[in-house]
Amino acid sequence: MHDWTGELRLDIENRHGKSVAKNVYFQGALKVMRPVYHDDSGQVCYYILNPGGGYLNGDRYQLSIALEENAELILTTQSATKVYKTPFKQAYQETEIKLKAGSLLEYIPDPLIAYRHAKYKQINRIHMEKGATFIYTDVITPGWSADGEKFSYDRLQLINEVYLDGELVVYDHIKLMPENQNMKELGFMEGFSHLGSMMVVGEKTNAALLDRLYEAVKLDADAYKIGLSELAVKGFTVRVLANSTQKVESVFSKIHHIIRQEWFDTAPSLLRKY
Amino acid sequence: MTNQVLSLIQLCDSNFPTGAFSHSYGLETYIQEGTVNNQATFSKWLDVYLNEQLVYADGLASRLVYQALEENRLDEVWKLDRLLMVQNLPRETREGTQRIGERMLHLVESLYNVPVLQQYRERLKKKQGFGHPVIVFTIIGHYLKVSQRETTLYYLYSNLTTLIQNAVRAIPLGQTAGQKTIQQFQPILMKANEKIQSLTIEDFGIVSPGLELSQMKHERVNIRIFMS
C-alpha cells in the first residue's frame, strides 16, 4: 500500500566531519524544517512537522531514516503528536531506521497525546550495525477530554523492534486499552498519568554505567516511579511513571546527560525540551 | 486421564526442580513497597500478571510452538525462542527464565529421548537458542500427544501454583489462603487459556507498564529473597 497520508525520507552522511543530508524527501502531511547545527560537533538536527496538526481517522505515516557510517543525527518533532478521534480506522505510523557502524541517532520526539476515542499504532524498526548508537525516548500522556476524564482514548499500541547485524535483539510492545484495563491500578499506571520509555543501544553499556544511572535518578522519589535494566545486548531500557511530561523528561535528561558525557564527552544539545 | 497427562503433570509438580521457586517476576518489589500485603492484593497482582503479561508471552508462545511442531516447522519454534528472550526487557526475569529453561531442558532430557529437545540443546550450546521453559514444556506436551489446549493450561497452572507458593512464603500468607487462591484462579485460568486461543502473533509480547517497571526495579530492591 502506498497511500500514505505523510511520508518522510531522510538519509544522512558524514562529509569530512559534518553530518549532512544526502537525500531529503517528504510528501503529504509530514515535512522537516531546515537542518540546525546546535554546536560545532558536526551533528545535524532535524525537526519533523505535521502540517495537518494531528493524526486523524485512518491516517498512515511512514518515515525512513538512514545514517551512513559515522553520521550523527538528532531527530525530534516541532510539537506533540496529537491523535484525534478515529471512529472507524486507527491512525498508524511506521518508522524504518538504518544505522551504519559508528553512526549516532538521538530520536527524541515530543509526547504523544491521544484524545477521546483515539486509536493509534506505531512501529519503530531499527536496523543497526555493530558500533552504531541509538538513543530513543517516548512519552505517552493521558490525553484530554471535555469531562476531564483521563485515559479517554480507545487504544495506544507502540512497538519497538531493534535488529543488530540482522538479528532481532529487542522487542518492546506496549498496548494500552483503557476500556478493558484498570489504568489506575496495580500493574498498569498505578496512579500515575504519564508513561515514559527510553531505550539506549550502544557498545559502551556495562553494569557500572547502570549503577551510576540508578544513583543519578533516585529510586525512592514520590513524584515518579522508575525502572531500568540492561538489554540482552549492550544497551538498556528505562520506564518511568509520573504525572507530567516535565517530570519524565527531567529523568530522561539526567540519563541522556550521563550518556553524552561518558560516551561522547559532550552535553546533549539543548533541545528546548530539557 | 491418560498416562500421558500424568507424565506432563510430573513437570508441573512443585518438586520438579527447575529453580522456579526462586523467582517472583517483580512480585517482591510490590511486597517490599507494601502494595501487595495480603491474599486480596496478591490475587490482584496475580490476575494482572497472568492476563496482561503471561498470556501474551509464554501462553501465546505455547500455542504457537505446539502448532509449529504439528506442522514440523522448527524454524518457527526457534523464532519464538528468540522472541521470548528479546521481549523480556527486565534483565533479572530474562536471565532467570533462561536459567529455569536450561534446568528444565536438562531434567527432561534425562527422562525422554526427543529429537527436537536434542536440537534445542545443540542450539543452546551454539548460543543460537536461549532456553525457555515454555518451549521445553510444549515440546514434551506435544511429544506425549497431550492436546495443545491442555498443554498450555498445565503450563499456566504450573506457573501460577509456583507463584502462589512463593507468595505464601514471602508475604507471608497462610497455607489455607494459598490453597484458596489456587482454587479461586481455576476459572480465571480457563478463561485465560480461551483468550490465548484467539490471539495471534500480532499480540505477542504485550506487557503492562507497571508490572514491567517492577520487574526492572527488583534489581535494586533492598531485601531480596528472590532472584527476580
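Lettering of chains follows the sequences in order, A, B, ..., and the numbering in each one begins at 1.
Proximity to chain A (any heavy atom under 4.5 Å) is shown, for V86(B), by both the backbone and the side chain. At a 4.5 Å heavy-atom cutoff, N160(A) makes no contact with chain B through either its backbone or its side chain. Proximity to chain A (any heavy atom under 4.5 Å) is restricted, for Y30(B), to the side chain, taken from C-beta onward. Proximity to chain B involves both the backbone and the side chain of F188(A), based on heavy atoms less than 4.5 angstrom apart. For a residue to count as touching a neighbouring chain, one of its non-hydrogen atoms must lie under 4.5 Å from one of that chain's; by this rule D203(B) touches chain A with backbone and side chain alike. Contacts between E230(A) and chain B at a heavy-atom distance below 4.5 Å involve backbone atoms as well as side-chain atoms.
Within a 6.0 Å radius of NZ in K119(A), more than 12 heavy atoms belonging to other residues, nucleotides or ligands are found. Shown here is K98(A), whose NZ atom has no more than 12 heavy atoms of other residues, nucleotides or ligands within 6.0 Å. Remark: Q183(B) CD is loosely packed, at most 12 non-hydrogen atoms of other residues, nucleotides or ligands lying under 6.0 Å away. The number of heavy-atom neighbours closer than 6.0 Å to NZ of K100(A), taken from other residues, nucleotides and ligands shown, is 12 or below.
For the atom pair OH (Y171(A)) and CG (L89(B)), the distance works out to 11.5 Å, reported to the nearest 0.5 Å. Interatomic distance, F236(A) CZ to R91(B) CZ, rounded to the nearest 0.5 Å: 14.0 Å. To the nearest 0.5 Å, the span separating OH on Y56(B) from NE2 on H173(A) amounts to 9.0 Å. One distance of note links CZ of R239(A) with CD of Q215(B); it measures 11.0 Å at 0.5 Å rounding. In this structure, the separation between CG on L168(A) and NZ on K79(B) is 9.5 Å, given to the nearest 0.5 Å.
A salt bridge does not link E215(A) to R220(B): none of the charged nitrogens lies less than 4.0 Å from a carboxylate oxygen.
The most heavy-atom pairs under 4.5 Å with chain B, out of L241(A), L228(A), D172(A), I174(A), come from L228(A). No other option in L213(B), T35(B), L83(B) has as many heavy-atom pairs under 4.5 Å with chain A as L213(B).
Nearest heavy atoms, I206(B) versus K175(A): CD1-CD, 3.5 Å. In plain terms, the two heavy atoms of E190(A) and L211(B) that are nearest each other are OE2-N, 4.4 Å. Scanning all heavy atoms of the two residues, the minimum distance from M216(B) to S229(A) falls at CG-CB, 3.8 Å.
Looking at heavy atoms from C-beta onward, L176(A) lies in side-chain contact with P209(B) at the 4.5 angstrom threshold.
The ring pair (Phe, Tyr, Trp, His ring centres under 6.0 Å) test applied to F130(B) returns no partner, not counting sequence neighbours.
Residues of residues 177-187 of chain A placed with any heavy atom under 4.5 Å of a heavy atom in chain B are listed by number as Q181(A), E185(A), L186(A), G187(A).
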Applying salt bridge (Lys or Arg N to Asp or Glu O under 4.0 Å), run through K225(A) and E33(B) and close with a yes or a no. CA-CA 12 Å; K225(A) 252 185 136 169; E33(B) 287 171 354; 3.4 Å; yes
CA sep, side-chain torsions, deciding dist, call: E202(B), K121(A), salt bridge (Lys or Arg N to Asp or Glu O under 4.0 Å): CA-CA 12 Å; E202(B) 300 275 303; K121(A) 179 175 181 177; 3.4 Å; yes
